[in-house]
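Note on naming: letters A, B, ... go to the chains in the order of the sequence lines (proteins, then strands), and numbering restarts at 1 for each one.
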Protein chains: 2
Amino acid sequence: MDDKATVVELNHESRLQSEDHQSIRLWLRLLTCTNMIEQRLRARLRQEFATTLPRFDFMAQLDRSPDGLTMGELSQRMMVSGGNVSGIANQLSGEGLIDRTQVPDNRRTLCVTLTDKGRKRFADMAAAHERWVVEMLGDLSPADHRQIMMHLTQLKRGVTALET
Amino acid sequence: MDDKATVVELNHESRLQSEDHQSIRLWLRLLTCTNMIEQRLRARLRQEFATTLPRFDFMAQLDRSPDGLTMGELSQRMMVSGGNVSGIANQLSGEGLIDRTQVPDNRRTLCVTLTDKGRKRFADMAAAHERWVVEMLGDLSPADHRQIMMHLTQLKRGVTALET
DNA sequence: GTCCAACATTTTAAATTTAAAGTATCAAAG
DNA sequence: CTTTGATACTTTAAATTTAAAATGTTGGAC
């Protein structure tokens with residue numbers, strides 16, 4: 001439907017109108033970058049470790065917290081719904097990668113930890129994952145990194161500040 | 001599970017280890033920002049227009065291309081699988097918001113356009129959507145906008161450059 | 001002690017999403 | 001003309017995801 005005299009990348013930003021607000025441009029650029037990286041990571045995790053991004057994320061959060069996390073904490077940190085976390089936990093538990101134990105002083109709460117097997121499994125994936133991310137973002141100089149981080153901090157602060 | 005002497009935001013970045021590579025930090029920051037914005041937009045589209053982000057995205061791409069887009073083009077631009085686009089197209093077509101017409105010189109190809117109803121419906125949503133995005137990102141000065149865009153351009157270029 | 005609202009989690013149903021297989025069409029080679 | 005491989009799209013099955021309802025638990029208020 002489009003004449004292409006020049007090669008054009010097609011992605012979220014293709015929907016931009018000339019009169020669109022600068023903020024819309026920034027948002028679509030952000031979305032495009034994130035989606036591009038996410039898709040690559042997803043594909044590689046599937047190809048090389050037969051796992052998914054949310055499962056990896058789940059284990060990464062636990063690896064970071066050796067004392068364990070509750071289901072609610074996992075839900076917050078992974079930024080997904082509670083039901084979602086329940087489902088992933090069932091899988092990982094079934095594969096012996098995590099333990100769920102009752103917390104003595106609150107019978108509503110579960111404490112989730114990586115098993116030894118889970119910790120080992122994650123270590124392999126984490127090393128590869130880091131290589132992939134560095135490969136994708138490593139072009140940027142340390143100074144650029146700092147600058148983008150600063151800007152995204154500001155952006156994040158602005159969004160967080162809004163109520164609801 | 002965590003003592004919180006200070007208020008800590010919980011999100012993807014919570015999984016960061018002290019020794020993690022700068023690129024991982026940047027990636028998780030990017031993911032957190034995108035998810036935060038995406039969740040807010042998703043919730044508002046549902047509350048105020050009883051629709052979803054992918055449906056909005058679909059219509060936005062079409063609004064941008066008055067001559068229509070093929071299913072394949074939509075798939076590329078929305079950065080989702082072809083089957084996904086088929087499903088959304090069925091919905092929107094059922095609601096009379098889009099038309100799918102055969103292209104005369106290629107019977108495999110469908111050309112998708114917004115109906116008048118679809119165009120009107122989208123105009124309302126787009127106005128609100130722009131307000132929301134500006135509300136979230138508007139804190140940044142025009143100079144900041146330019147800088148972040150520049151950096152994300154570079155980041156995008158780096159990721160695109162990788163094969164596969 | 002008894003309610004009652006809040007909380008932590010799971011379950012449910014519906015929608016979304018994906019990868020892969022399937023269908024139909026095309027274009028080009030022989 | 002026929003075959004072949006590529007293309008455009010849809011269908012399928014499985015997994016993911018979400019919002020909302022359901023379950024069980026807690027900690028006051030009274």
Give the rounded distance in Å between these two atoms: [atom1] of [X] and [atom2] of [N].
X	N	atom1	atom2	result
Glu73(B)	dC9(D)	CD	C1'	13 Å
Met79(A)	dT18(D)	CE	P	11 Å
Leu45(A)	dA15(D)	CG	C1'	15 Å
Leu69(A)	dT9(C)	CG	C1'	15 Å
Gln102(B)	dC26(C)	CD	P	9 Å
Phe58(A)	dA15(D)	CZ	P	18 Å
Glu38(A)	dT17(D)	CD	P	9 Å
Gln39(A)	dT16(D)	CD	P	17 Å

Do the side chains of Arg40(A) and Glu135(A) get close enough for a salt bridge, i.e. N-O under 4.0 angstrom?
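Salt bridge absent between Arg40(A) and Glu135(A).
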Which residue, Gly83(B) or Gly87(A), contacts DNA chain C at a nucleotide closer to its 5' end, judged by nearest heavy atom?
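Closer to the 5' end of DNA chain C: Gly87(A).
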Phosphate oxygens OP1/OP2 of [N]: is one of them under 4.0 Å from a side-chain N or O of [X]?
X	N	value
Arg42(A)	dT18(C)	no
Gln91(B)	dT16(C)	yes
Asn84(A)	dT18(D)	yes

With the 4.5 Å side-chain cut-off for hydrophobic clustering, are Leu30(B) and Leu41(A) part of the same group?
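Same hydrophobic cluster.
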Is there a chain of hydrophobic side chains (I, L, V, M, F, W, Y, each step under 4.5 Å between heavy atoms) that links Leu155(B) to Met150(B)?
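Different hydrophobic clusters.
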I want to verify a distance call: between [options], whose nearest atom is closest to the [X] side chain?
X	options	value
Asn106(A)	dT17(D), dT26(D), dT16(C)	dT26(D)
Arg107(A)	dT25(D), dT16(C), dT10(D)	dT25(D)
Ser86(A)	dC9(D), dT17(C), dT10(C)	dT10(C)
Leu110(B)	dA20(C), dT17(C), dT10(D)	dT10(D)
Asn90(B)	dT11(D), dA20(D), dT18(D)	dT11(D)

Base, sugar-phosphate or nothing for [X]? Non-hydrogen atoms, less than 4.0 Å.
X	value
Val85(B)	nothing
Thr52(B)	sugar-phosphate
Gly82(A)	base

Any sub-3.5 Å donor-acceptor pair from Thr115(A)'s side-chain atoms to Gly118(A)'s backbone N or O?
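Pair found, side chain donor or acceptor close to backbone of Gly118(A).
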Tell me whether the centres of the aromatic rings in Phe49(A) and Phe56(A) are closer together than 6.0 Å.
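They do not qualify: ring centres at least 6.0 Å apart.
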Arg55(A) or Ala43(B): which one's nearest nucleotide on DNA chain D is closer to the 5' end?
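With Arg55(A) and Ala43(B) compared, the 5'-side residue is Arg55(A).
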Side-chain donor/acceptor of Arg108(A) to base of dC7(C), under 3.5 Å:
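Under the 3.5 Å cut-off, the side chain and the base do form a donor-acceptor pair.
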Over all heavy atoms of both residues, which pair between Leu140(A) and His145(A) is shortest? Give the atoms and the distance, please.
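Between these two residues, the closest heavy atoms are O-ND1, 3.5 Å.
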